[in-house]
Amino acid sequence: MSSPRVLIVDDHRLFRSGVRAELEPLLEIAGEAGAVDEAVEAIAEHGPEVVLLDVHMPDGGGVEVIRRAAERGLHTCFLALSVSDAPEDVIAVIRAGARGYVTKNIAPEDLADAVRRVHDGDAVFSPRLAGFVLDAFAGPAPHPETELDALTPREREVIQHIARGYMYKEIALRLEISPKTVEAHVSSVLRKLQLSSRHELSRWAADRGL
Amino acid sequence: MRRDHAAGWLGGVCAGIARRYGVDAALVRLAFVVATVAGGFGIVLYALLWLVMPAGDSVRRSRLPSGRGAIEVALGTGLLLISVLLAFRGLGIWFSDAVAWPLVLIVSGGALIWRGSATASPAPQEPPTAPLVRGEPEQRPIRPEVARAAAAISRTGVGVALVILAGFVFLQATDALSAARDVILAVIAVVVVLGAIFAPWVLRLFRSLTEERAQRIRSQERAEMAAHLHDSVLQTLALVQRRSTDPQEVAALARRQERELRAWLSERPAPGKAAALAPALEAAAAEVEERHGVPVEVVVVGERELDSNLEALVAAAREAMTNAAKFGAGSPVDVYAESNSDTVHVYVRDRGPGFDPGALPPDRHGVRESIVGRMERHGGRARIASDPETGTEVELELPARADR
């Protein structure tokens, strides 16, 4: 596997240095940034292949970083890394273009693995994100005629396994498909999540009395 | 004795009496109807009781007064008065139409206005609104209190219109309208002039009041949040500093605090709401995590309120988590629950060395009784798959409406 250069974006200095210390033996760290402006500048300057992106930051958070990087034509992959449990935040950053979402309590090796996976063009789903996705695609589709609004049975099965804590390789074994196929399913789910007209936020919004 | 709005037809008087004395409301209603037909006494008594008996059932009172409710109140009061007047006529006492009809309108409108102000007056018992941490709490479009205020205004508006209409009908009927026209014009002119003069001032006053109120709510929220942080996070941080030599203890403290804070941030269950599957599983996971020092990650899809079968499911899941924590060689435990319209599934998984479910020693009550047996007793089932490579997974399944 290639070893991508990583930019760490988080407004907590302590957390940045912690991640840096954990990842340094495993990956090449291109730099750090602690705010939205700084992050966009750092992406332009260092050209990292993968950006570890905090969802919650002042001045717009991860979504804003992705938006402004795209505005300036900067090409990089984003992996959202957050303590946030709020589905609407996580889904928003995925819809903005992040290739995956992992929670901050992930083990360093798994994080490095996730970074490599995102760099290779795959999607990275933590069990929690898988749960959000299943929630989002639950219930009848608003536009049944578009395939974007529903998961195929196979995709649902794969995502359910991720939610149950299985690794891609284990899922491949259990479902008797190749790991590449598992990755294809996950990428397809990510695409649907980003493009579907299902703004499932409505359901969460209703839940939260918004 | 209280009026029972929820069960009542008109004012809840009959239902209230029925509830107080444990008789069928239909009988009470029948008694009132009979008393009304036989001389009009019933209707007078009903009106009196409606005025005298306090409204019961805070549940109903907190319901938004809808436009339809307003119309019903007006109609009901009007009809009530008409029947009283008819009863008077039956007794030989009769007023001229010039008095009777305006009276009906005035009482209907007046009832609306009075009841409107009566329901609006108790302080709104809103649950504490979301704290500011998540940002933009102002974006919530229609708040219940706003809707309530709007309903109260529209109700008062209907009432005012009815009363004004009554005035016109009275003037018209007594031929005083033409004479009063000049006066009315003058009054309208004065009102318009005064309005033009004072409107900006009143508007500004109103705006500053609203602002002040928002400020107060905000500072209240901040105080509430500060209190919570003080009780939880700061407390834990102090403990962490004191126990900094024991990494396991510190990790456990951090983990517990994290859970608590997350629950506080995301859930805030409405008071009185029945416990649901997700919080129950989270609580079980927290308990196991604390007792065995193994991280337990819970993901729940779909929502469901707990009933006795689901409680059994949660108990079985807790047992499975305990086993996973005990025998999983310290590997993190993944719990995944999914409920849809016909079944609830819970998966509990560890990456430990695994075991042979067929070769369980009979004294392992945990699996045999607390998991498999319990699920079967409640109409569900449990499956255990274990493998030295991939660890152990316990699958619990419960049909949504088992033996109900």
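All chains are named by letter (A, B, ...) in the order of the sequence lines, taking the proteins before the strands, and each is independently numbered beginning at 1.
The distance from the NE2 atom of A:H161 to the CD atom of B:E393 is 7.0 Å, given to the nearest 0.5 Å. One distance of note links OH of B:Y336 with CG of A:L134; it measures 4.0 Å at 0.5 Å rounding. Taking CG of A:D135 as the start and CD of B:E338 as the end, the distance is 9.0 Å to the nearest 0.5 Å.
A salt bridge links B:R351 with A:E170: the distance from a Lys NZ or Arg NE/NH1/NH2 to an Asp or Glu carboxylate oxygen falls below 4.0 Å.
Using a distance-only test at 3.5 Å, with no hydrogens or angles considered, no donor-acceptor pair links the side chain of A:R164 to the main chain of B:V335. Counting only distance, with no hydrogens or angles, the side chain of A:R128 and the backbone of B:V298 share a donor-acceptor pair below 3.5 Å. Formation of a donor-acceptor pair under 3.5 Å by the B:D334 side chain with backbone atoms of A:Y166 is not found in this model.
Crowding of A:H12 atom NE2: a count of heavy atoms from other residues, nucleotides or ligands under 6.0 Å not exceeding 12. Atom CD of A:E71 has more than 12 heavy atoms from other residues, nucleotides or ligands within 6.0 Å. Environment of CZ in A:R154: crowded, with over 12 heavy atoms of neighbouring residues, nucleotides or ligands closer than 6.0 Å.
Across all their heavy atoms, B:V299 and A:G131 have their closest contact at CG1-CA, 3.6 Å.
With a 4.5 Å cut-off on side-chain heavy atoms, B:H345 and A:Q160 do not count as touching.
Of the atoms belonging to B:V300, it is backbone heavy atoms, and not side-chain ones, that fall under 4.5 Å from chain A.
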